[in-house]
Amino acid sequence: MSEAPPSRRVRVAVEAPQHSGLTGPLDYLGPQDLTPGTLVHVTLGRRDVMGLVWDDLAEGQDLPEDERLPESELRPVGEALDALPPLSDRWRRLVEFAASYYQRSIGELALAVLPPQLRDLDAKQLQARLKKLDKADAAAATQAAAAPITPADRPALTAQQQAALDAVLELAGREAPQPALLWGLTGSGKTEIYLRAAEAALERGQQVLVLVPEINLTPQLEARFAERFAGHAIVSLHSGLTPAQRLRHWLAAHLGRAQLVLGTRLAVFASMPRLGLIVVDEEHDPSYKQQDGARYSARDLAVYRGHLEKVPVLLGSATPSLESWQHALGGRYRRIDLTERIGGGALPRVRLFDMNRLERKKGVTTTLSVPLLDALRKRLDRGEQSLVFLNRRGYAPVLHCDQCNWKSDCPHCSAHQVFHKEDRTLRCHHCGVSARVPRACPSCGNPDIAPLGRGTERLEEQLALALPGARVARIDADTTKLKGSLESQLAAVHEGDVDILVGTQMVAKGHDFRRITLVAAVNPDGALFSSDFRAPERLFSLLMQAGGRAGRDAAQAAASEMWVQTWYPEHALYQSLQKHDYEAFASSQLHERMSANLPPFAHLALVRAEGRSVEAARDFLTAAQEAAQALPLSLGLLLYPPVPMAVARVADSERFQMLIEAGSRAQLQRFLRAWLPELHALKRRQKGLTRWAVDVDPLAI
DNA sequence: AGCACGCCGACT
DNA sequence: GTCGGCGTGCTC
C-alpha cells in the first residue's frame, strides 16, 4: 500500500446557485496532485454534489486570507472523475469570465454548461462510458478513412467570395486574430465561406465550432458540412438531444475526436482542446441570448473565446446587430462584405403597399387586399409558390362580445387568450392555460361572440376561401409541435405540393425555398411603435430575411417580389428596406441610439422582480434603487424607476423591472458587483417576492 | 436551490 | 401527545 498523498487546500467550484450567496469556489481538502479542471464529488451541507476543481482566483477577485476558513474546518473532497481529461485552463477562463460578466457564481455556470448527464455519473460509470466510446470510435475509424477534400467537390468561388475567403485566411494566420464580421446578403454564399475557412482549419489539424441560432437550423447546416467533409467527425450540440447523445457528442469534442462541432448557444462552452475557428451564423439573432438562468450572449462569449484562444471568430449576417456593426465601423472587427447574389440573381423587388389607399369599409377584411390577391393569383397561374408571412399564431388574438364588451382575457395574466379554431380552444400564450371556447358570451349570454384580428390560422382559412383550388399550407409553432413535422412540412413545400405557404417567423429564417417568387408581409407595422428600442432592428432583419426566401433560384429572381402591406409606407425603415439598404438603416438607427444614449453607446442591465402582489415586486425594486443610490459606485449611472413589464402579470405573478444605464461596461460591472449582495439581503426581507434576476446586456426591454 | 431546524394547528 | 405546515438560515 502506498501512503496517502499529503492533503492541501483545494478550491472547488460547486453547483450552488447565486442565491446561496456562495459566489466563488469553495475550499476543501484534497490530494496535492489534484489538477484544476478535474470533476470531483464533494459534500455540500448534507448532500453530495458535483464540483470542478478550480484554481486560485486572480489577485483581488479572491477572498482575503483572513476570511478563509482554517484548514481544520475543511471537508475532504470525494471521488475524483479523473478518467476524464481535465477541462482546460482556457475553458476555465471562459467560464470565469462569463460568470463574472453575467453576475453568476462560477460553480453554477460551470456545471450548468456541462452535459447534464455528466453530473450524475460516478467514476466507474464514467470509465465505462469512455470505454464504450473508444470502441465505437475504433469501429468508425476502420469503416471510413477520411476522404480528402478535392477541389472538384467544391463550387468555384466568385471573385468576391475569393476575396472574402482570403481576408478570413489572412486573419487566421495572425498571432491574435481580430474578429471578422462577414456581411453578406441572403444568397451571397456566406456558408461557402464558412466551409472554406473550416477546411483550412481542419487541414491544420484544428477543431471548428459553428454556432447557429436555432435547433431547427442545425440539421440542414449539418447536412452541408457532412457532405463537404465526408469522413470527418461532426457532432451537434443542442438541447434537443437526448441526455446520452448530448454526453457522447460533448465527450467527442472534449477528447478532440470531433473535428466539427455544430450547435446552438450552449455549444459556445463546448470543451475543444484544438479549437481553431469559431463561426457564428446569423450573429444578429436574438436566440443567442439565453433567457433564463445565466443570461449569457453566446455571440459575445464566442468573441471573447476567440480572444482567449487566439483564434478567428467569423460573425455572419445579412443584417448584423447594431453592436457588431458599430464594432466594424470602429475598426474593432474586420468587416468583410459579400454584396452580390450567387449566379447574379437579383434581390426581390420590394413593393410597399399603402393600406391607406384601400377603401375602408366596415366589417370588410382588408388584410387580404384585392391587389395582394391578384399578385398571389398571378403566381398560382404561373405555377410558382408564395409565402405569406404573419408573425402571430392562432385564429384570432382575442374573442369579443359586441353587446357587453367582454373579451377573452386570461384569468392569470394581463393578456388576452388567443382563439385557436382548430381545436376550439382559448389559449394564453404567456402562461399556457387552455380552455374550451364558450358557446355564448360568459358575461351576458350573447351567443354572438366574434373573433377580433387575425392570426396564421385565420389567414390560411381566408386564403383558401379567396383562392379556390390553391393548395394552402401553414407552418408555425402549432403545426410543428410533433417531432419531425417541421421537416416533413418543409419537404412538402420543396416537392411543390404547396402553392401558398402561410407562416410565422419560423419560416422566415434560413430555409432554402427554391420556387418561391412572392413573399408577403401582411401586417408588420406593430413593431414600428413598440416601446422596445430594438424593435425596429428586429423588424428590419426579419423582413430582410423573409424577403430573402424569394428568388433563391436565379432563373426566377428577376420576377420575384416582396410585398409589404403597411399604413406607414413613408417610414424610414420601409424606405431602407425597399432599397435593400441595410447600411442606411443601420446608420439612422445608430444615430438615434447615440442621441438617446442607448446601446451600443451605453451599457444596460435590467433587474426583474416577480411577486405575488404588485407591492411586493415594486417595493423590492424601490428598495433596491435606494440601496443603489447609497453606493458611491452608482455615481454617473442612470437608475430608471421601477416599471411594470409590458405583460405585467403572468401566471398570477406580478412583474416589474428596472433599468440601469452606464457609460462603460467596466463601470456597470463594478456597480453590479457591489450591489448584488444587497439585493440578496433585500430578497430575504421582502415578503411575497418570488423571484428576481439581473440581466446584463438585455435584448428585450 | 436543497435541506435542515423550528415553532404552532388538527389528528390517531 | 405527534404529524406536518412553510418561515428562516446555512452550505467550504
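Treat the numbers as computed from the prediction; the structure is a model and nothing was measured.
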message: Taking the ring of A:H254 and the ring of A:W91, is the distance between their centroids below 6.0 Å?
response: no
field: Side-chain (A:H238) to main-chain (A:G240) donor-acceptor, under 3.5 angstrom
entry: yes
- prompt: Mapping A:T690 and A:R46 onto DNA chain B by nearest heavy atom, which one lands closer to the 5' end?
  reply: A:T690
Short side-chain to backbone donor-acceptor contact, A:Q125 and A:D122, under 3.5 Å: yes
message: How many whole angstroms separate atom CD of A:E15 from atom C1' of B:dA1?
response: 9 Å
message: Check A:D697 with A:K289, please: is the shortest side-chain N to carboxylate O separation under 4.0 Å?
response: no
message: Using a 3.5 Å distance criterion without hydrogens, assess whether the side chain of A:K683 forms a donor-acceptor pair with backbone atoms of A:L689.
response: yes
- prompt: Does the A:T425 side chain pair with the main chain of A:R427, one donor and one acceptor, at a distance under 3.5 Å?
  reply: no
message: With heavy atoms of chain A within less than 4.0 Å as the criterion, where does contact along DNA chain C begin and end?
response: C:dT8 to C:dC12
field: Donor-acceptor contact below 3.5 Å, side chain A:W675 vs main chain A:L631
entry: no
message: If a pair means Watson-Crick or G-U wobble with both distances below 3.5 Å, what does DNA chain C look like in dot-bracket form, with | marking bases paired to a different strand?
response: |||||||||||.
task: Run through A:F269, A:Y101, A:F97 and flag the one making a ring pair (Phe, Tyr, Trp, His ring centres under 6.0 Å) with A:Y296.
output: A:F269
